[in-house]
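Convention: sequence-line order gives letters A, B, ...; per-chain numbering from 1. Computation of the quantities below employed the complete heavy-atom set of this structure, encompassing side-chain atoms and omitting hydrogens, waters and symmetry-equivalent molecules.
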2 protein chains.
Amino acid sequence: MVRTARFTEDDFIEAAMSLVAEGGPTAATMQAIARRTGAPTGSIYHRFDSRSAILGAAWNSAYASFTGALAPLLHQRQAREAALAILPWAEANPRRAAFLLLHDPVSLFEDSPPPPTQRQALDRLETAFDAAFRACIAPATDDETLARARFLIFDGPIAILRPSLSRALPPPPHAARLIADLHAGMPVAA
Amino acid sequence: MVRTARFTEDDFIEAAMSLVAEGGPTAATMQAIARRTGAPTGSIYHRFDSRSAILGAAWNSAYASFTGALAPLLHQRQAREAALAILPWAEANPRRAAFLLLHDPVSLFEDSPPPPTQRQALDRLETAFDAAFRACIAPATDDETLARARFLIFDGPIAILRPSLSRALPPPPHAARLIADLHAGMPVAA
DNA sequence: CGCATTCCAGAACGTGTAGTCTAATTGGCA
DNA sequence: TGCCAATTAGACTACACGTTCTGGAATGCG
């Protein structure tokens, strides 16, 4: 290292995340990232091969953070606690949460897919997290139980969280009550 | 009328809807709409002032269809039946459902908002539907009850429906059971 | 039969995009 | 002090996009 770097990879990842969180995938143009970080576009391409590479890195980072918060609870077969854990995670990682949960991933990579290396890393993250999820509901493996658990642990809580996420507000106090009631009235193990 | 029209407004609306349903808002470019309908771009501009006008018309049409299917049930205070009615509606209107429920509306109009006329028409649809929703949960008006009901009637069922919507498949048989269980374990009137 | 009107048709324009290229700057090290 | 690789810097290219423009084709009416 012979010259001190003014910009790190994380600077660009953070900028891309918050731009997507605020204005959707198309808001994260290279020039918008450059403006937000104060870097010229050339410096971004010095760190990343392409725009998809930045978005892919951001996605993997946010996904790893999310699954890292939930996987231990799933392995302990605590479905309710895992669902509730989404709230403090989102409050502690507002940009990551809005980036990951608010916008549709298909729009992120529709123009060009992320580099194969990142795609493989994401595949590993996904299979590891899927294993945790299946461990939580084992021994059931039928489609209905899977869909039910996916709704109770992920999609339901995320739907409850979405209104406050899209307003960049912390989860309201009744969000936790809603999720708890959801699990009380409709247990994962039917 | 002096020359028979080869393309109608609905041709372009339908094309825009299915393009968005399949590939997100950015997939519905004017050239993509032109390709799908077989029309040159000039013919599209003969029917619509702008791209936002097409997307706005598509949105209003889909929203009107959706609320038209649910509002009567809400006025009869049948929250459970309204939530369940989303399934047959989505099965009967697969393109509209995927267009309306799968993708984030903020990405649709982020570049340029729809024409004021359409915006006002949508406002009217929204206030009318909100009145139906409030009639369903009256006399409660507190935030928690509103959020709870919104989740039970709309966001929850939509989250249950989303996986099959994004695969362009009809709702699986267990979707109705899931929604029914949701309302059985967690009634709107707490 | 030709005129007026409606519509089709697609080339052309300006803008904003992702990505490239070349040069200038920086700072540890011999 | 002078070298050299890492990094910044931003002009530049090629392209896709939304939109406009001009011309031609069709059809009801007099």
Sequence neighbours left out, what passes side chain to side chain donor-acceptor pair (under 3.5 Å) with A/Glu144? Give chain and number order. B/Arg177
According to salt bridge (charged side-chain N to carboxylate O under 4.0 Å, His left out), does anything in residues 44-63 of chain A pair up with another residue at least two apart or in another chain? List the pairs. A/Arg51-A/Asp111
B/Asp11 atom CG is separated from C/dC7 atom C1', nearest whole Å, by 14 Å
Tabulated below should be each protein N or O lying under 3.5 Å from an N or O of nucleotides 9-13 of chain D; please produce it.
residue	atom	partner	partner atom	Å
D/dA9	OP1	A/Arg6	NH1	2.7
D/dA9	OP2	A/Arg6	NH1	2.8

By side chain to side chain donor-acceptor pair (under 3.5 Å), which residues pair with A/Arg95, not counting sequence neighbours? A/Glu14
Please produce a list of atom pairs where a protein N or O lies less than 3.5 Å from an N or O of nucleotides 14-16 of chain C.
none

Return the set of residues passing side chain to side chain contact (heavy atoms under 4.5 Å, CB included) with B/Tyr45 (not counting sequence neighbours), or none when no residue passes. B/Met30
Taking side chain to side chain donor-acceptor pair (under 3.5 Å) as the test, write out the residues that go with B/Thr67, two or more places apart. none
If each of A/Ser112 and B/Thr8 is mapped to the nucleotide of DNA chain C with the nearest heavy atom, which maps nearer the 5' terminus, i.e. the 5' end? B/Thr8
Does B/His46 make a side-chain N or O approach to OP1 or OP2 of C/dC7 shorter than 4.0 Å? yes
Rounded to whole Å, please give me the gap between CD in A/Glu9 and P in D/dT7. 10 Å
Which residue pairs pass the side-chain hydrogen bond (donor to acceptor under 3.5 Å, both in side chains) test with at least one member in residues 71-80 of chain A, sequence neighbours excluded? none
Who passes side chain to side chain contact (heavy atoms under 4.5 Å, CB included) against A/Ala79, sequence neighbours left out? A/Cys136, A/Ile153, A/His183, A/Val188
By side chain to side chain donor-acceptor pair (under 3.5 Å), A/Asp142 pairs with (sequence neighbours left out) A/Thr145
Kindly assign one of parallel, tilted or perpendicular to the pair B/Phe133 and B/Phe154, based on the angle between their ring planes and the thresholds 30° and 60°. tilted
Interatomic distance where CE belongs to B/Met30 and C1' belongs to C/dC13 [whole Å]: 16 Å
Which ones in residues 47-61 of chain B lie close to DNA chain D, meaning a heavy atom under 4.0 Å from one of its atoms? B/Ser50, B/Arg51
Strictly by side-chain hydrogen bond (donor to acceptor under 3.5 Å, both in side chains), give each pair with a member in residues 124-137 of chain A just once, sequence neighbours left out. A/Arg119-A/Glu126, A/Asp130-A/Arg134
